[in-house]
Structures are given as structure tokens and as C-alpha cells.
S.K.: 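Let me give you the structure first, and then I'll get to my questions.
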Amino acid sequence: MNKLTQWFLKLPPFKIFLLLLLGIPIYIWWFSIIYQLDKKINEPSNNLKFWLVSGLTIYPIIYVLYMFFTFSFFIPLMPFHLLAILCGFILMTLTAKSYVNFEKKKGYSTHSVFEVFLMLWFYIICVWSLQPKLNAYVNENPDQN
């Protein structure tokens, strides 16, 4: 898990931008941000948070794949669609909180959680400002601070 999330966060912004246009990798990107930044600030290992974030990541991916392969866009699937949207919003909120907590604990100037949430929501524009910082944070030596 660690190598996958590190690889994802070390990509240049243009490659992340192209991957995120596919739709599914955005959930993996958000999961990678939470996983790596919480690991960097040595938050106590919380199995419940890991499984919650994993579930919030996996459900929308399975839902999107199901929609693509079955071409089912009927009304009976609406509750599952709304649940996938809710999972995405919760995942964005947890990602924004994790990002802001990391920057605060490291003493960097940071945005508010709401600002980071909006940057994650409009990733097409803001991936250019988030991904270089994430590259630096993942490559950062833990002995520097």
C-alpha cells in the first residue's frame, strides 16, 4: 500500500491531471493523500480510520466500474449513485483535513480546510498547486523537522 500511494503522489502534475480525467484515479489520489500525510506526521495507527477511508475509496470505484460495464442508468440505481456521491464528499473532506493537519503540524503556511476542499473539488485547476507540494512532502526526509 505504501509504495502505491508514494508512486501516486510522486507523479508530476500533468500526469495526475491526465489520470484524474478518467474519473476513477481521483479516489485513489485522495486515499494516497490521506494515507501518506497521516503516516508522515506519525498519527497513531487508527485501524478504524484506515478501513473507513478504504471503504469510502472502494465503493465509488466499484460503482463507476459497474455503471461502465453494465450501461445501467436506470432509476433503481439512484440510491447507490447518491451513496457514491456521499462517499466522494466525505473522502474529499477527510483529505482536506489531513492535508491541513499535516501542514499545521509541520509549521507550513496553510489554507483553511474549506479552501483545500474546494481545491480538491475543482481538481482540474488546482492539481497544479497541490501536486508539487505533495511531491515535496512525500520526498521530505523525516529528520528535517
Side-chain angles (χ1 to χ4, degrees), residues 1-106 108-140 142:
M1 184 68 63
N2 189 35
K3 291 196 185 275
L4 174 69
T5 56
Q6 279 184 348
W7 173 82
F8 218 86
L9 293 181
K10 287 182 180 181
L11 290 174
F14 185 70
K15 286 184 180 179
I16 286 289
F17 174 76
L18 292 177
L19 275 175
L20 297 182
L21 289 177
L22 296 174
I24 292 175
I26 193 165
Y27 297 105
I28 300 169
W29 186 53
W30 291 337
F31 175 83
S32 299
I33 293 170
I34 294 170
Y35 183 82
Q36 284 296 320
L37 295 185
D38 284 354
K39 185 178 166 201
K40 285 282 188 184
I41 59 173
N42 295 324
E43 277 203 3
S45 175
N46 189 347
N47 261 350
L48 180 63
K49 182 178 181 181
F50 174 76
W51 288 109
L52 175 71
V53 171
S54 297
L56 291 171
T57 303
I58 292 170
Y59 179 78
I61 292 173
I62 291 172
Y63 175 76
V64 168
L65 290 174
Y66 175 78
M67 293 292 289
F68 282 149
F69 290 120
T70 63
F71 300 108
S72 297
F73 300 105
F74 297 109
I75 297 297
L77 292 178
M78 188 55 70
F80 300 107
H81 181 74
L82 294 175
L83 183 59
I85 291 172
L86 181 64
C87 287
F89 280 128
I90 293 171
L91 196 59
M92 277 193 295
T93 304
L94 291 174
T95 304
K97 284 182 180 179
S98 180
Y99 184 85
V100 170
N101 285 342
F102 176 81
E103 286 194 336
K104 282 183 180 177
K105 289 209 176 172
K106 290 294 186 172
Y108 303 137
S109 63
T110 186
H111 304 283
S112 70
V113 173
F114 181 71
E115 289 172 341
V116 177
F117 178 82
L118 286 178
M119 289 188 343
L120 292 169
W121 192 340
F122 298 107
Y123 68 89
I124 292 175
I125 298 167
C126 294
V127 70
W128 307 107
S129 65
L130 284 178
Q131 189 62 26
K133 288 182 182 179
L134 292 170
N135 283 338
Y137 297 159
V138 170
N139 292 327
E140 184 178 85

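Count residues from 1 along the sequence.
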S.K.: Would you say that more than 12 heavy atoms from the other residues, nucleotides or ligands in this model lie under 6.0 Å from the NZ of Lys10, or not?
M.R.: yes

S.K.: Check for a donor-acceptor pair, side chain of Gln131 on one end and backbone N or O of Leu11 on the other, with a separation under 3.5 Å.
M.R.: yes

S.K.: Hey, are the side chains of Ile90 and Leu52 touching, using non-hydrogen atoms and a 4.5 Å cut-off?
M.R.: no

S.K.: The test is side chain to side chain contact (heavy atoms under 4.5 Å, CB included); show your working for Tyr108 and Lys133 and say whether it passes.
M.R.: CA-CA 11 Å; Tyr108 303 137; Lys133 288 182 182 179; over 6 Å; no

S.K.: Using ring centroids (six-membered ring only for Trp), state whether Phe80 and Tyr66 fall under 6.0 Å.
M.R.: no

S.K.: Could you grab the distance from atom CD of Gln6 to atom OH of Tyr35, nearest 0.5 Å is fine?
M.R.: 9.0 Å

S.K.: Considering the options Ile26, Thr57, Ile58, which one meets the side chain to side chain contact (heavy atoms under 4.5 Å, CB included) requirement together with Phe31?
M.R.: Thr57

S.K.: The criterion is ring-ring contact (aromatic ring centres under 6.0 Å, His included); which residues satisfy it with Trp128, sequence neighbours excluded?
M.R.: Phe17

S.K.: Heavy atoms, side chains only, cut-off 4.5 Å: are Trp30 and Leu56 in contact?
M.R.: no

S.K.: Can you list the residues that meet the side chain to side chain donor-acceptor pair (under 3.5 Å) rule with Thr110, with sequence neighbours excluded?
M.R.: Glu103

S.K.: Return the CG to CZ distance between Leu134 and Phe102, rounded to the nearest 0.5 Å.
M.R.: 9.0 Å

S.K.: Quick check: closest heavy atoms across Cys87 and Pro60, and the distance to 0.1 Å?
M.R.: CB-CG, 3.7 Å

S.K.: Kindly compute the distance separating OG1 (Thr95) from OH (Tyr99), expressed to the nearest 0.5 Å.
M.R.: 12.0 Å

S.K.: Would you indicate whether the side-chain heavy atoms of Ile34 and Lys49 approach each other to under 4.5 Å?
M.R.: yes

S.K.: Rounded to the nearest 0.5 Å, how far apart are CG of Leu94 and CD1 of Ile33?
M.R.: 12.0 Å

S.K.: Looking at every heavy atom in both Asn135 and Pro12, which two are closest together, and how far apart are they?
M.R.: ND2-CA, 4.4 Å

S.K.: Looking at residues at least two apart in the chain, or sitting in another chain, which of them share a side chain to side chain donor-acceptor pair (under 3.5 Å) with Ser98?
M.R.: Asp38

S.K.: Looking at every non-hydrogen atom in both residues, tell me the closest pair between Lys40 and Tyr137 and how far apart they are.
M.R.: CE-O, 3.3 Å

S.K.: What are the two closest heavy atoms between Ala84 and Tyr63, and how far apart are they?
M.R.: CB-CD2, 3.8 Å

S.K.: Would you mind reporting whether Leu130 and Leu120 have side-chain heavy atoms less than 4.5 Å apart?
M.R.: yes

S.K.: From Leu9 CG over to Ile28 CD1, what is the distance, rounded to the nearest 0.5 angstrom?
M.R.: 11.5 Å

